[in-house]
Amino acid sequence: MTTETAATRVKSIDPRSLPRRFDVKEREAHWRTRWDALGISKHDKSAPRAASFVIDSPPPTASGSLHPGHVFSYTHQDVIARYRRMTGWNVVYPMGWDDNGLPTERRVQNYFGVRAEPNVPYEPDLNVRKRRKELGLDRDEQLVVSRGNFIELCHEVTAEDEKTYKELFNRLGFSIDWEEEYATIDDRCRSIAQRSFLDLDERGHVYTAELPTMWDVDFQTAVAQAEVEDRPTPGAYHDIEFGVYEAMQGEDGVPASFTISTTRPELVPACVGVTAHPDDERFKPLFGKHAVTPGFFAKVPIFPSEKADPEKGTGILMLCTFGDDADVEWWRTHDLELRPMVSRSGQASPRTFVGYNSEGAGWGSLDPRRAQFFYDQLLGLRLDEVREKIVELLSCPGTSAMTMLGVDVETEPPLKSEPRSIEHVVRYYEKGSTPIEYIPSRQWFVRLMDKKPLLQEVGAKVQWLPDFMEKRYANWTDGIAHDWAISRQRFFGVPIPVWYPIDADGEVQYDDYIVASNDMLPVDPMLAPAPGYEESQRGEPNGFLGEQDVFDTWFTSSLTPQILARWGENGDRMANLYPADLRPQAHDIIRTWAFYTIVKSALHDGDIPWHKAMISGFIVDPDRKKMSKSKGVVVTPIPLVNKHGADAVRYWASNGRPGMDMAFDETIFTIGSKLVTKLYNAGKFVLMQDAEHGDIVNELDRAFVNDLRDTVRRATDAFERYEFALALQITESFFWDAFTDNYIELVKRRARSEDDAQGRASAVATLRLGLNTLLRLFAPFVPTITDEVWSWTYAEETGYESIHQAPWPKMSADADIPEQYQLAPIDTPDSDASFQTACRAIAAVRKAKHEAKIGLGKPLARLQISGTDDQLDSLRLVESDVADAGGAAKIGYQSAATEDGYVAAVEGIE
RNA sequence: GGGCGGUUAGCUCAGCUGGUUAGAGCGCAUGCUUCACACGCAUGAGGUCGGAGGUUCGAGUCCUCCAUCGCCCACCA
């Protein structure tokens, strides 16, 4: 762009004609439109990798609620993006929506009152509200719809939710390139997620298996380790007596019974073993023997295990299918029976008991008839109901294992005492409300347990900002205890692109699964037949079965760098955009988003997904609790923007340093507003000084420019280290203290002087250079007000219609900017400190005037300043400006021996 | 129990690789309608830098221990 063409479009205006107040809302709307028209957020698609700065921005969960944390971390990204653009980078700043997954499904369920069932047929043009009315459904009754109809409703809801986010992002002036918008459920992302699966399959990193999997019984889906959280939950210890089989057989020296202590009595029917610590003298005689469970009379092995804690409960415990992680581990290592009693919906499933000598399937019992009688009372009950019922049953002497000793023995109930209430920590799915169960089910997994060294190595190649965040990643990676369960029994997600052959006997051959070919993507195996089959063969012998599960949403969102770079598509841009430069994100999702993204890039190409990860903190309540978790008032961002304006909100967010949590404190918004006002007024004042400008020759001016140069250098250094909050602070303090409070006050008379043409021209030039430079330093933070002031004259003078197209101030000669706004080095051999000298002297004058109760603006009859001889020599260089600013005609000098700095003595005019 | 981070003026936070009397903003007190700005300007009060040891000529800054707050992980019988 040249000055000539720009000048025809941008006309300077007279600052005197500007309104007294800056109308924030009106001008912000104006500038948003302007930036769109100028295309400041667009990137050059032909630019080579080395010229581009690629931001792997986080796609928000569209159905999640907006909170100040979004404003906080997304502002950080935008500040970096704007800075990088000004420093000449081809910034690629996309935005996506993470819309698939459970949050959306849950919102649809609540919003429309529907539930999807896999085998319900699709209905075109279904009007849910009308249908509910027709059926006369109550508010809390769910309408059952097909998978296809449910997905349609999900799309409807996410489209609305995305609008809300987009509005906020636009209101805040984020310089997102909306041409690079994507949604994790769209065709492109579905293809890339499925392509990722095909590639992992080809490399042997995925497998399917029927394994005990963490399961949420409400949502009826598998969950991954990263989605699990611990919650303190009330529970109760139940002391339950088990019999000892060998004692019943008359063996000597073996106790007849022992008592375990459990918080999960409902799992007694699923008991498959008993264990205690090998060194525990109390139970040594029991090892190698067998226990008999109360009520169900199963004969289960008793074995020693180092993992049992003698201090806990009674020191001896029962193992079930499956109470927790440890049960799964013991089941695997000790070759125990499998007795799953919990259904996928969290109820007691139908089970048959058989005698130990019987043929066929069933659970072995020493007394199958009685076991079945008791178990049938539990059938179909939810686990919490099962617990109550079991407690009731075990309170009857008839359930005692001791009854197996013989009819003559006087027996007592197996429940030895009233349950003892405790609070313990229980695993929950983070979005669920019922504890996790371990349920054997067929799932897909990505092998991680053998990849830890690779993941550590790749994670270490990423530069983490701040650097200690790397330890969080390393910690999590080190603590991985399971492979990644990637299949979810949900609807609104990316289908897993596999089919299973069905043999002639109608058996599904899960291990011989058929994967889609690359040219089929995206594909839904529930709708499309497997390669080589006809749709008519679906579900038939010698036919195929389509996988009905979808991927975990992280499976797709972990591919955001590849999605931007269109990995494997027509128009693949991997060479130009991959790996990305910067991954900005919050620290709570290091274990998920950052971790899985590294998993993907490490497994696909053995390398990093991005060079740097900039981790932002949280917004916390004044009481230091995570805001999203607090029970207090939820602050939504749009009203904040309405109240304070985008620049002020951005100012607030910019004060948060990477990695540091920030308390939500509304006074910071006020400070931001004040800065905006000050920039407006200082801009008006400086540009009103419209005498001709000339060379910067005056001593004070040259020293000021040197300090300005120093500010630019420090702010730039801070930005290069991603310490934008520091850059802002450096700029702000120079603007406020040095520029408006001191420099402007020192030269405002000279800038209008009638008799010092050279000094006047120097002051005007310096004022304009100072404002021009400071505006550019502020531009990434407060884009509206800086562009507003820029537009008054700088747009025309420089040819940059928007400040956001202008270059960042450089310390060396800069051909991109008119000479009068360059910060070329200034040779000031003996007066580097002149500006500081003048500031200190004028401060002394102000203090003296204050103490003498003379108004600051009042003229002085006499002004005397004392200091050491050196100090006075230095002051002489800037004498006239200091005298002017102090309101005196001249300065009297008084030599002082002590180095207390300048001290002024003043006399007012009568 | 393990890891990480914080603990500096009433409040929110800066203090880089250790170096003179520890900084900012808000709040507070006092004064000023100075022709850009009262969403302003000026002046001032206010801190034994969580505690205890140690290294050093010298520590808010380094080391050790402790306390406390937060986050993540482990603990789930």
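Letters go in sequence order (proteins before strands), and every chain restarts at 1.
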Please state the [atom1] separation for the pair [N] and [M] - nearest whole angstrom.
| N | M | atom1 | result |
| --- | --- | --- | --- |
| rA24(B) | rC41(B) | P | 15 Å |
| rA67(B) | rU30(B) | P | 46 Å |
| rC35(B) | rC16(B) | C1' | 43 Å |
| rU8(B) | rG44(B) | P | 26 Å |
| rU7(B) | rU33(B) | C1' | 44 Å |
| rA42(B) | rU68(B) | C1' | 41 Å |
| rG23(B) | rU48(B) | P | 15 Å |
| rG60(B) | rG53(B) | P | 14 Å |

May I ask you to say what [X] touches in the nucleic acid, namely base, sugar-phosphate or nothing, with a heavy-atom cut-off under 4.0 Å?
| X | value |
| --- | --- |
| A326(A) | nothing |
| S733(A) | nothing |
| K748(A) | base |
| I671(A) | sugar-phosphate |
| R427(A) | base |

Side chain of [X], base of [N]: donor and acceptor closer than 3.5 Å?
| X | N | value |
| --- | --- | --- |
| T667(A) | rC26(B) | no |
| D230(A) | rC75(B) | yes |
| E745(A) | rA36(B) | yes |
| K471(A) | rC4(B) | no |

Return no unless some side-chain N or O of [X] is found under 4.0 Å from OP1 or OP2 of [N].
| X | N | result |
| --- | --- | --- |
| R657(A) | rC13(B) | no |
| R752(A) | rA36(B) | yes |
| H424(A) | rA77(B) | yes |
| K678(A) | rC39(B) | no |
| W476(A) | rC4(B) | no |
| R20(A) | rA38(B) | yes |
| K312(A) | rC76(B) | yes |
| K847(A) | rG44(B) | yes |
| R21(A) | rA36(B) | no |

Can you tell me the Watson-Crick or wobble partner of [N], both distances under 3.5 angstrom?
| N | result |
| --- | --- |
| rU55(B) | none |
| rG5(B) | rC69(B) |
| rC75(B) | none |
| rC28(B) | rG44(B) |
| rU34(B) | none |
| rU20(B) | none |

So, W331(A) versus F322(A), ring centres under 6.0 angstrom or not? yes

Indicate, with yes or no, if the rings of H277(A) and F283(A) have centres closer together than 6.0 Å. no

What integer distance in Å separates [X]:[atom1] from [N]:[atom2]?
| X | N | atom1 | atom2 | answer |
| --- | --- | --- | --- | --- |
| M660(A) | rC71(B) | CE | P | 16 Å |
| D14(A) | rA36(B) | CG | P | 13 Å |
| K684(A) | rC35(B) | NZ | P | 13 Å |
| H850(A) | rU34(B) | NE2 | C1' | 15 Å |
| D478(A) | rC72(B) | CG | C1' | 14 Å |

Between K674(A) and N655(A), which is nearer to the 5' end of RNA chain B once each is assigned its nearest nucleotide? N655(A)

Nearest-nucleotide wise, let me know which of D737(A) and N475(A) is further upstream toward the 5' end of RNA chain B. N475(A)

Side-chain ion pair, [X] and [Y], N-O less than 4.0 Å:
| X | Y | answer |
| --- | --- | --- |
| R750(A) | D884(A) | no |
| R846(A) | E745(A) | no |
| R264(A) | E437(A) | yes |

Pairs where residues 680-691 of chain A contributes a residue and the test side-chain hydrogen bond (donor to acceptor under 3.5 Å, both in side chains) is met, not counting sequence neighbours: R16(A)-D690(A)

Is the cationic atom of R650(A) (NZ for Lys, CZ for Arg) positioned less than 6.0 Å from the six-membered ring centroid of F781(A) and within 45 degrees of its normal? no

Axial cation check for F685(A) ring with K748(A), 6.0 Å and 45° limits: yes

